[in-house]
Amino acid sequence: MSQRIKIKALLQSGETGIDVTVKGWVRAFRQNRFIALNDGSTNATLQIVVDFENTDPTLLKSITVGAAISVTGKLAASLGQGQTVEVIASTIEVLGDCDPDKYPLQLKNRPSLEYLREIAHLRFRTNTFGAIFRVRNTLSFAIHKFFNEKGFVYLHTPVITASDAEGAGEAFHVTNFDLANVPRTESGEVDYSKDFFGRSTNLTVSGQLEGELGAMALSDIYTFGPTFRAENSNTTRHLAEFWMIEPEMAFYELKDNADLAEELLKYVISYALEQNQEDLQFLNQRLLDEEKQKPQNERSELALLDKLQFCLANDFERLTYTEAIEILRESTPNKKKKFQFPVEGWGTDLQSEHERYLVEKHFKKPVILTDYPKEIKSFYMRQNDDGKTVAAMDILFPGIGEIVGGSQREERLDKLETRMDELGIPKDELWWYLDTRRFGSCPHAGFGLGFERLVLFVTGMGNIRDVIPFPRFPKNAEF
RNA sequence: UCCUGAGUAGCUCAGCCGGUUAGAGCAUCUGACUGUUAAUCAGAGGGUCGCUGGUUCGAGCCCAGCCUCAGGAGCCA
């Protein structure tokens with residue numbers, strides 16, 4: 001038996017007349033003669049031609065949709081129209097059969113994305129999810145490639161952390177306690193000194209603070225790992241467990257930070273366009289078909305591939321929060337009172353509808369908003385000279401909203417401590433963070449890029465739960 | 001968590017004004033056909049109408065509560 005070849009490689013070589021062995025899962029078996037075989041290397045199927053008159057009927061019976069099979073035979077130019085080559089099978093072995101009566105994934109039924117989410121363990125076997133997870137893989141690799149080429153150090157920050165002082169949302173507790181019998185102090189409070197770590201711990205909500213520690217010695221670092229938020233968020237762009245990329249760079253100021261983020265996003269999108277042409281073409285078509293169902297005015301102006309190309313070809317629009325407020329205040333929907341939250345004063349946070357107006361209607365391209373009021377941003381962001389704003393930066397993408405959130409960090413100890421006091425952030429718990437400002441502090445900056453939001457944008461999918469293999473969200477931790 | 005909508009066969013859905021035996025397409029099974037490619041043709045099986053309670057002579061349909069899902073909002077990446 002010849003060595004197994006993946007279908008993608010086989011279709012690329014185009015060589016006929018050779019003996020090949022292919023293994024994969026049956027997508028369709030027509031007329032007792034034609035198997036459409038898929039092995040996940042590509043969405044394309046390989047046609048296997050079966051000599052059914054000289055094949056054991058029991059074997060034929062067990063070639064059903066979903067079954068795993070191994071086929072050896074000769075690769076030949078196809079007699080049919082739908083494909084260039086096909087395999088004339090000499091031996092077929094069913095490695096794992098698949099009872100069609102019980103198999104929950106019958107592709108001809110056009111299962112909905114919602115249904116496939118309920119069978120997430122099997123949805124990889126569909127064209128849509130095959131394409132999504134190959135693209136996700138490419139984007140993940142591209143991120144490492146980008147930072148590696150720039151000499152960044154990939155730093156593994158802890159998943160379990162002791163401090164919940166960052167204010168980045170609700171954290172999941174990590175404990176070894178028997179929850180039915182939690183140790184208490186004399187005054188009746190939970191006695192964390194008896195817990196595994198001897199203190200209260202939780203899953204990380206961000207690797208940033210630890211990332212900064214690395215950057216203050218290694219210069220440029222990035223993290224890329226899972227992050228956890230115990231927020232009761234039920235939206236198409238939030239997960240309880242998601243992956244985040246957090247670079248942190250010494251001697252970077254806000255503009256350098258924004259430059260890097262824009263370069264990174266363009267790099268990885270461009271890399272995916274190169275590496276996953278077929279998958280993106282498929283997702284492009286999928287979206288077009290889906291939008292045919294919608295009324296004209298709800299359809300997107302650009303098809304997926306055009307949108308990605310457009311994103312690469314144009315500079316992201318950069319403006320300050322203050323400038324954005326002016327634009328919004330003067331905007332037609334604001335004057336005609338079309339906004340649910342009218343834009344009046346300076347100082348309040350932008351609502352989704354405002355962000356969407358800026359990105360999708362006014363500029364029609366990605367937008368980098370900078371210099372937000374300090375009241376609506378985190379304690380660690382560098383205070384600007386105006387005394388009102390901080391050197392923050394959000395990147396807003398069409399259809400996604402905030403994809404990047406970052407800032408130049410406050411490197412001046414006195415300013416940082418004052419701000420922490422104002423916000424009631426316990427300085428003693430973050431003594432190690434403050435130490436970097438005591439010993440050789442320097443300007444530095446960084447940002448967080450939501451990986452799933454990036455995958456959402458590149459694949460054109462509408463729900464973040466469909467771009468991570470096994471989504472975790474309120475009331476769901478199946479698989 | 002809030003607002004809106006939905007839950008009927010394995011999947012996607014229809015089900016009139018509350019009325020007698022709840023339907024279709026696909027899937028599945030049986031048979032036919034055998035260069036098909038969303039194969040085709042003929043037939044068959046398949047239902048706790050999300051759950052609980054209520055109104056009614058009678059509830060898939062009306063009411064209440066709950067569960068789950070979807071879309072939007074908030075929190076954010």
Side-chain angles (χ1 to χ4, degrees), chain A residues 27-37 44-53 60-61 64-66 76 78-83 86 88 98-119 127 166-170 205-208 224-246 261 298 339-341 349-356 376-378 394-397 400-406 447-457 462-468 473-476 478:
Chain A
R27 279 285 175 84
F29 187 28
R30 290 182 288 268
Q31 271 195 339
N32 238 5
R33 173 176 282 193
F34 303 104
I35 301 170
L37 191 71
T45 55
L46 178 66
Q47 174 150 290
I48 312 294
V49 183
V50 184
D51 179 7
F52 64 93
E53 283 159 320
L60 287 176
K61 269 273 175 225
T64 58
V65 173
S78 178
L79 299 177
Q81 297 301 311
Q83 56 282 317
E86 60 194 15
I88 312 300
C98 183
D99 184 346
D101 199 32
K102 300 200 175 79
Y103 189 48
L105 186 66
Q106 294 295 344
L107 293 167
K108 284 184 200 165
N109 286 333
R110 301 270 156 125
S112 63
L113 293 172
E114 291 80 16
Y115 172 70
L116 291 170
R117 221 169 280 152
E118 290 171 21
I119 52 166
N127 282 338
E166 299 150 51
E170 289 291 307
V205 292
S206 162
Q208 180 201 318
F224 187 174
T227 308
F228 308 87
R229 303 274 165 91
E231 239 116 47
N232 194 4
S233 297
N234 289 289
T235 79
T236 52
R237 37 181 209 290
H238 288 87
L239 291 165
E241 177 183 286
F242 63 100
W243 290 68
M244 186 155 65
I245 296 104
E246 294 181 288
E298 283 177 30
F339 283 139
Q340 196 189 335
F341 301 92
D349 212 350
L350 299 180
Q351 304 289 325
S352 292
E353 58 179 349
H354 305 145
E355 295 182 349
R356 233 181 297 125
I376 58 174
K377 288 292 181 184
S378 302
D394 282 3
I395 302 186
L396 309 177
F397 263 34
I400 309 290
E402 186 180 343
I403 195 166
V404 164
F447 60 86
L449 165 64
F451 185 57
E452 280 75 20
R453 289 188 180 177
L454 173 66
V455 183
L456 208 50
F457 181 73
N463 191 319
I464 202 164
R465 295 169 185 182
D466 293 330
V467 299
I468 187 168
F473 51 93
K475 298 282 181 289
N476 192 298
E478 192 68 64

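These values consider heavy atoms only, across backbone and side chains, with no hydrogens, waters or symmetry-generated copies.
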[X] side chain near [N] phosphate (N/O to OP1/OP2, under 4.0 Å):
X: A/R117; N: B/rA70; answer: yes
X: A/S233; N: B/rG74; answer: no
X: A/Q106; N: B/rC26; answer: no
X: A/R465; N: B/rA70; answer: yes
X: A/T235; N: B/rG72; answer: no

**OP:** For A/F451 and A/F224, run ring-ring contact (aromatic ring centres under 6.0 Å, His included): C-alpha distance rounded to whole Å, both residues' side-chain angles, the deciding distance at 0.1 Å, then the answer.
**Re:** CA-CA 9 Å; A/F451 185 57; A/F224 187 174; 5.0 Å; yes
What's [X] touching, base or sugar-phosphate or nothing? Going by heavy atoms closer than 4.0 Å.
X: A/N463; result: sugar-phosphate
X: A/T45; result: nothing
X: A/K377; result: nothing
X: A/N232; result: base
X: A/P111; result: sugar-phosphate
X: A/V65; result: nothing
X: A/K102; result: nothing

Original post:
Do the ring centers of A/H354 and A/F339 come within less than 6.0 Å of each other?
Top reply: yes
Original post:
Of the nucleotides B/rU28, B/rA73, B/rA77, which has the atom closest to the A/R237 side chain?
Top reply: B/rA73
**OP:** Tell me which nucleotide among B/rG72, B/rC69, B/rA73 gets nearest to the side chain of A/F473.
**Re:** B/rC69
**OP:** Would you tell me whether A/S206 and A/E246 have side-chain atoms, one donor and one acceptor, within less than 3.5 Å of each other?
**Re:** yes
For nucleotides 34-36 of chain B, list the nitrogen or oxygen atoms of the protein found under 3.5 Å from its nitrogen or oxygen atoms, one pair per line.
residue	atom	partner	partner atom	Å
B/rU34	O2	A/Q31	O	2.7
B/rG35	N7	A/R33	NH1	3.0
B/rG35	N1	A/E86	OE2	3.1
B/rG35	N2	A/G80	N	3.1
B/rG35	N2	A/E86	OE1	2.7
B/rG35	N2	A/E86	OE2	3.2
B/rU36	O4'	A/Q31	OE1	3.2
B/rU36	O2	A/R30	NE	2.9
B/rU36	N3	A/Q47	OE1	2.9
B/rU36	N3	A/Q47	NE2	3.1
B/rU36	O4	A/Q47	NE2	2.7
B/rU36	O4	A/Q83	NE2	2.9

**OP:** Check whether any side-chain heavy atom of A/I245 lies under 4.5 Å from a side-chain heavy atom of A/F447, and answer yes or no.
**Re:** no
**OP:** Evaluate the side-chain proximity of A/Y103 to A/V65: yes if any heavy-atom separation is below 4.5 Å, no if none is.
**Re:** yes
Original post:
Listed by chain and number, what are the side-chain contact (heavy atoms from CB on, under 4.5 Å) partners of A/N463, not counting sequence neighbours?
Top reply: A/R117, A/T236, A/R465, A/D466
**OP:** Report the residue (A/L239 or A/T64) whose heavy-atom-nearest nucleotide on RNA chain B is the more 5′ of the two.
**Re:** A/T64
Rounding to an integer number of angstrom, what distance separates [N] and [M] when you compare their [atom1] atoms?
N: B/rC13; M: B/rG31; atom1: P; answer: 33 Å
N: B/rC26; M: B/rC57; atom1: C1'; answer: 40 Å
N: B/rG7; M: B/rG47; atom1: C1'; answer: 15 Å

Only pairs with both distances under 3.5 Å count, Watson-Crick or wobble alike; so what is the partner of [N] in this structure?
N: B/rA70; value: B/rU4
N: B/rG10; value: B/rC26
N: B/rA64; value: B/rU52

